[in-house]
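First the structure, in the form of structure tokens, and then the observations on it.
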Amino acid sequence: IKLIAMLPSSIRRYLLARGSAPSPYRDAIDVLGVDSAPDPYDIVELERDKIWRVRYKFLRDPEIPKAAKMLFGKRFDDADAVLANVPPELKDTVANDIEMARKEMDMSDEELVEKGCVTSQDMLVARLSTTDARTAEDQLLLYNPCRMHPRIVEWLDSKGFVAYIVSGSSSHTNQLPQASEVFPSANIVCAEIAQTKCMVAGMRQADYLYTKEEDLKALNAELTKGGASLHFVAGDTFTHTAVALVHGHLFEVDLAYGHYCGKHTLFSSEEHFNDGADNRAGENRLFYYTFVAPGASLNGYQPTFRCMAMDPSSTFSKLMLDEPKADGSSCREMAMSLRKVLALPFDFVDMAHSSLDGSLPADEFRRSMDASWKWLDGDKLV
């Protein structure tokens with residue numbers, strides 16, 4: 001790792017781009033066939049005829065625990081380190097989570113699918129038509145696109161036509177090339193770093209690079225016609241996140257981790273988080289107590305790697321395609337940008353990483369974001 005960090009930036013950037021080329025996740029359809037059960041897609045209507053959440057379930061990447069150990073010295077199944085951050089009433093539950101995580105490493109793909117040992121991400125779908133009557137001409141915006149098997153393509157076609165595919169994070173690119181191929185007339189919207197990675201995998205050039213001011217301005221001139229807008233979090237050199245505002249909802253990815261209460265992740269209710277019988281809750285607990293919880297992170301609300309990524313003196317920041325500015329101003333820039341995002345007029349938040357049944361109230365998001373990110377310049381965000 002240190003050797004890569006010492007390379008000239010041009011060579012390092014080339015190698016990192018080649019090494020981070022996206023590839024689609026494997027799911028139940030890949031493992032069990034087209035008529036597989038369970039269905040990898042769980043669709044919920046969040047706003048009548050306007051917003052839907054598609055929860056896409058897929059196999060976990062077996063390389064993630066190895067990468068976490070290599071980069072951060074932490075593993076989800078490191079019992080002593082993880083359990084040290086767990087309150088007494090949950091130690092037995094999390095110990096069972098760790099044991100289950102170890103067993104999963106020896107399971108076949110078929111066993112993992114059949115036992116429900118999968119993870120998920122949410123694709124958020126919004127109609128941009130300004131008319132009340134739904135027609136075949138309704139424009140759809142996809143935020144954080146999922147794997148496009150025929151059954152989800154047919155469902156999307158029944159709602160309108162896909163006009164925009166937005167990858168809201170440069171770290172969420174695995175599904176973007178395939179989605180752009182399935183919907184060749186859709187406008188591809190992503191960060192410049194995301195485009196660099198995806199073109200290695202053969203994706204066409206994006207129509208809008210939201211990290212470029214002129215592109216973002218031109219994009220929003222079109223989106224506002226349908227009651228939507230996109231907002232780039234400037235200064236975020238790790239994920240280059242952009243949030244979408246549509247119909248009073250904020251679509252978000254890779255910004256929110258811990259709940260302001262300091263007891264669980266923001267993308268899980270406290271009741272669900274403490275449910276020892278739920279596999280996805282177990283995944284949330286392991287992530288939280290390994291990377292986020294008090295004792296596991298610098299501030300008890302977000303992974304320490306998020307702080308490392310913003311530190312220009314950190315070796316970790318040299319392993320990214322985009323580095324924070326040497327004078328530390330990226331932190332101040334990101335803080336100012338987050339204040340603008342949190343001041344937007346939204347009532348609900350929908351996150352790409354979520355196990356919530358519905359949308360998150362805006363106040364919970366704002367308070368949690370303030371707790372997580374106010375260290376950027378030492379001042380409150382809200």
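Everything numeric here is computed off the predicted structure, so don't read it as measured data.
- At a threshold of 4.5 Å between side-chain heavy atoms, the hydrophobic network of Ile, Leu, Val, Met, Phe, Trp and Tyr places Leu83 and Tyr289 in one connected group.
- At a cut-off of 3.5 Å, with distance as the only test, a side-chain donor of Tyr25 or Asn174 sits close to an acceptor on the other residue.
- Judged purely by atom type and a 3.5 angstrom limit, Thr241 has no side-chain atom pairing as donor or acceptor with the backbone of Ser169.
- Contacts of Asp254 classified as salt bridge (charged side-chain N to carboxylate O under 4.0 Å, His left out), with partners at least two apart in sequence or in another chain: none.
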Original post:
Stepwise, does the salt bridge (Lys or Arg N to Asp or Glu O under 4.0 Å) test hold for Arg285 with Asp275?
Top reply: CA-CA 10 Å; Arg285 285 189 295 268; Asp275 183 356; over 6 Å; no
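- Heavy-atom neighbours of Glu89 CD from other residues, nucleotides or ligands within 6.0 Å: above the threshold of 12.
- Remark: side-chain polar atoms of Gln195 are paired, donor with acceptor, to backbone N or O of Ala206 under 3.5 angstrom.
- Side-chain N or O atoms of Gln178 include one that pairs as donor or acceptor with a backbone N or O of Met148 at under 3.5 Å.
- For the residue pair Gln121 and His172, a side-chain donor N or O sits within less than 3.5 Å of a side-chain acceptor on the partner.
- Residues meeting the salt bridge (charged side-chain N to carboxylate O under 4.0 Å, His left out) test with Asp109, sequence neighbours left out: Arg26.
- Under the rule for a side chain to side chain donor-acceptor pair (under 3.5 Å), the partners of Asp350 that lie at least two apart in sequence or sit in another chain are His249, Ser359.
- The backbone N or O of Pro22 lies less than 3.5 Å from no partner atom in the side chain of Lys197, so there is not a single donor-acceptor pair.
- The aromatic rings of Trp52 and Trp155 lie perpendicular to each other, with more than 60° between the two planes, well past the 30° mark.
- The local environment of CD in Glu213 is sparse, with at most 12 non-hydrogen atoms from other residues, nucleotides or ligands closer than 6.0 Å.
- No side-chain donor-acceptor contact under 3.5 Å links Asn85 to the backbone of Thr290.
- The hydrophobic cluster containing Met199 does not contain Val166, counting ILVMFWY residues as joined when their side-chain heavy atoms lie under 4.5 angstrom apart, directly or transitively.
- A 6.0 Å sphere centred on CG of Asp357 holds no more than 12 heavy atoms belonging to other residues, nucleotides or ligands.
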Original post:
Could you go step by step and tell me if Leu46 and Phe348 meet the side-chain contact (heavy atoms from CB on, under 4.5 Å) rule?
Top reply: CA-CA 10 Å; Leu46 299 175; Phe348 301 100; over 6 Å; no
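- Look at Asp39 and Lys57 and you find no salt bridge, because none of the NZ, NE, NH1 or NH2 atoms lies under 4.0 Å from a carboxylate O.
- A donor-acceptor pair is defined here as one N or O able to donate and one able to accept, closer than 3.5 Å; no such pair exists between the side chain of Asp122 and the backbone of Leu124.
- For Arg366 and Phe346, the positive end sits near the middle of the six-membered ring, less than 6.0 Å away and at most 45° from its axis.
- Judged by distance alone, the side chain of Tyr210 and the main-chain N or O of His240 form a donor-acceptor pair under 3.5 Å.
- Under the 30°/60° scheme for interplanar angles, the aromatic rings of Phe76 and Phe291 are found to stand perpendicular.
- Under the 3.5 Å distance criterion, with hydrogens and angles disregarded, no donor-acceptor pair is assigned to the side chains of Asn284 and His264.
- Take Thr93 and apply the side chain to side chain donor-acceptor pair (under 3.5 Å) test, not counting sequence neighbours, and it matches no residue.
- Applying the side chain to side chain donor-acceptor pair (under 3.5 Å) rule to Asp92 yields no partners; only residues at least two apart in sequence or on another chain are considered.
- Proximity of a side-chain donor or acceptor of Glu99 to a complementary backbone N or O of Lys103 within less than 3.5 Å is not detected.
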Would you tabulate the side-chain donor-acceptor contacts of residues 330-338 under 3.5 Å, counting partners in other chains and residues two or more places apart, or write 'none'?
residue: Ser330; atom: OG; partner: Lys325; partner atom: N; Å: 2.9
residue: Ser337; atom: OG; partner: Phe232; partner atom: O; Å: 3.2
residue: Ser337; atom: OG; partner: Ala234; partner atom: N; Å: 3.0

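- Under a 3.5 Å cut-off, the side chain of Ser269 and the backbone N or O of His272 do form a donor-acceptor pair.
- Side chain to side chain, Ser268 and Arg280 fail the donor-acceptor criterion of an N or O pair below 3.5 Å.
- When atom types are taken as modelled, the side chain of Asp215 and the backbone of Leu209 share a donor-acceptor pair closer than 3.5 angstrom.
- At a cut-off of 3.5 Å, with distance as the only test, a side-chain donor of Asp27 or Tyr56 sits close to an acceptor on the other residue.
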